[in-house]
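Since the structure comes first, as structure tokens, the remarks are kept for the end.
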Amino acid sequence: MTDLISSTPTGRGAVERSSRWERAALLVPGLGYVSAFMAVPVLLVLSYVFFQRGRFGGVVYEFTWDNFARAFSPTYRAVLVDSLVIAGAATVLALLIGYPVAYAIAMLPDRLRTIALVLVVIPFWTNFLVRTYAWIVLLSNEGLVNRSLERIGVIEDPLTLLYTRGAVVVGLVYAYLPLMILPLYASISKLDPELREAATNLGASRFKAFRTVTWPLTLPGVLTGCIFVFVPSLGNFIVPELLGGGKFVMVGNVVRDQFLKARDWPFGATLALVLIVVLVALFFVQSRVSRRLSTGGPS
Amino acid sequence: MSDTHVTTPDVEQTTGAMEPLVDIRHVSRRFGAVTALDDVSLTIAENEFFALLGPSGCGKTTLLRAIAGFERPDSGEMLLGGQDLVALPPHRRPLNLMFQSYALFPHMTVEANVSYGLEQEKLPKQEIRQRVGEVLETVGLSTTAKRRPHQLSGGQRQRVALARAVVKRPKLLLLDEPLSALDRKVRSQMQLELKRLQQEVGITFVVVTHDQEEAMSMADRLAVLAHGRVQQVATPVETYRRPANLFVADFIGDSNRFAGRVVDGGLHVPDVGLLPGHPVGDVTGDAHLVVRPEETRLGAPGAGLMEGQVVETQFFGGVSTVAVDVPGHADPVLCAVSGVSTVERGATVSLHWTADAAVVVGGSL
Ligand SMILES: Nc1ncnc2c1ncn2[C@@H]1O[C@H](COP(=O)(O)OP(=O)(O)OP(=O)(O)O)[C@@H](O)[C@H]1O
Ligand SMILES: [Mg+2]
């Protein structure tokens, strides 16, 4: 293979050079937009992390490490850990629900598949706040769930469903499940069914074939889906506020409050930086694992 | 002709006397409007090398997949050693299928691909390693054992797929075009290896191939399929000498064909006259006479069954082919002669053959 490429350096090289320029040209609008409206503001905000808060808000440009000391103080460390646990639980739950659903959709005949995928994304057409409010209606003491359970006689007194950690997790799963299902669906439907058949033909039971062939080959999709759910869950502040009733503070809430209520921009920026570092580390792991699993590229 | 009659009953006795290993009865499978298998019935004897031949899309892969349990027949029965196959889940069937697309596990090395099947049998590690090593040696891939499939050439991948199916030494091996991507030399090595497995290990083979020479030289019997239907099941010699219909005659080997009406002693062809040949089965009315180029003899003008002008001669080493344009017949008539042909282009020649050398068959292309 390598001989083939090097033996025709002129032709091949010329093609690659021109396509490289073309590719670079295609990236210009996207990169331009992202750097102007995303990277620059984010960097500006992050630059506050070494400065102090002004007396009445604003930023005093005097160097300090205090923000970091505070961010890793027990109080905020607990919030961070708690947020990681809640987001992690939401991610695991979304994966457990999403994988079978994505698998089932991938096995549907073509026509039904499109319909099923549309059904998966339909909730996204509704406002996030409205959808989350709907869960209050479902979970409150006089809500649909408690009423139904009372009517069929399973319970006598209403269960406390709302304003619990569970409610927050459920709300996050509900909010981001489509983001789990779509990448999973993409990687499952890409999988050649003959691979599963080959495993079966070689004597593997359905479960064994799944564990040794389907699962490892869809792992990149699993990781993508998990990141798609974990990242917005970790930073989310609407769900903990509405469904957690403010009893469960997540990092997202703290960051929001620092910027909007306490007006401590430097500390808010520091917490945001911590979040970003955690997420970048996750992306790094994901891309490393995906590359190792990927079959097309060099290993 | 006479030796065909000797071989045919012989084979029928052996397959008829023993219980067949595979018994396929009236199996049909439809995909929407396409009938991939249309009332297919076949028996395959224990330790037989059975070839499946037919044009692309005739249902060969579908038949193997049905035997392996990946296509459920719409109707019909399949037995393996007297046991109902359809009731058996695919992973319990004592057979291995080599997929036409190879279906190698992309996330596993060559070695892991080949040992996968043995690991399912829970064999001791030591034995697995030894058997995998042996089979990789046999297919000539010992040095690539640690590579992943995408780092292999097409022919190497095909050999991994072959090794993965063969290493299990099942009762029945179903191979879907196992050697198509290999060069001539490796292919003939692999052919010998497959024959050795058949004889020494006692594996029964069902092999799909596009290569007629391969089918002819390796198979004990072969089935010709067209449009999901079995056209003929017979020994290679029988299919060549006594094709069951025009489709088989045309599909297997080169042939000269004449259209006409069946009469006593052969076929009456308009503008040419009576051509001698024996009918296969009950053919009446419109039919075709088929004669192989090597049975067609050249002669001096004025002597044979028909006359024509030589349009071309081709030398193939051992034999030459002379193409003769016969007035009133669309395609040139081919005639194979041994050595270098002495006739010149443009010369007028006559053609003839004996009744034993030609067959009259029904059916269409
Ligand atoms: N899953 C399927 N869905 C719809 N049609 C199918 C399916 N599998 C096979 N067919 C059709 O059934 C027919 C037989 O296909 P099959 O793959 O058995 O052919 P084949 O003889 O193996 O051909 P080839 O020599 O090209 O491999 C074809 O017309 C094909 O298009
Ligand atoms: Mg095929």
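Throughout, protein chains are lettered first and strands after them, A, B, ... in sequence-line order, and every chain is numbered starting at 1.
Panel note: side chain A:N201, backbone B:N96; no donor-acceptor pair is recorded below 3.5 Å. Between the side chain of B:H91 and the backbone N or O of A:A199, no donor-acceptor pair lies under 3.5 Å. With A:K208 contributing its side chain and B:Q120 its backbone, the two residues share no donor-acceptor pair below 3.5 Å.
Heavy atoms from other residues, nucleotides or ligands lying under 6.0 Å from CZ of A:R288 number 12 at most. Remark: A:F228 CZ is loosely packed, at most 12 non-hydrogen atoms of other residues, nucleotides or ligands lying under 6.0 Å away. Surrounding NZ of A:K190 are at most 12 heavy atoms belonging to other residues, nucleotides or ligands under 6.0 Å away. The number of heavy atoms from other shown groups lying within 6.0 Å of CD (B:E127) is above 12.
For a residue to count as touching a neighbouring chain, one of its non-hydrogen atoms must lie under 4.5 Å from one of that chain's; by this rule B:L118 does not touch chain A. Only the side chain of B:R65 comes within contact range of chain A, with at least one heavy atom under 4.5 Å from a heavy atom of that chain. When heavy atoms are compared at a cutoff of 4.5 Å, B:M108 approaches chain A solely by way of its side chain, counted from C-beta outward.
Per-residue counts of heavy-atom pairs under 4.5 Å with chain A were compared for B:R164, B:R92, B:E121; the largest is that of B:R164.
Screening A:L217, A:L195, A:L219 for a side-chain contact (heavy atoms from CB on, under 4.5 Å) involving B:H107 leaves a single residue, A:L217.
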Verdict with supporting geometry, B:F99 and A:E197, side-chain contact (heavy atoms from CB on, under 4.5 Å): CA-CA 9 Å; B:F99 291 77; A:E197 292 172 352; 3.7 Å; yes

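At a threshold of 4.5 Å between non-hydrogen side-chain atoms, the residues B:Y116 and A:V213 count as touching.
The heavy-atom pair separating B:A103 from A:A198 by the smallest distance is O-CB, 3.8 Å.
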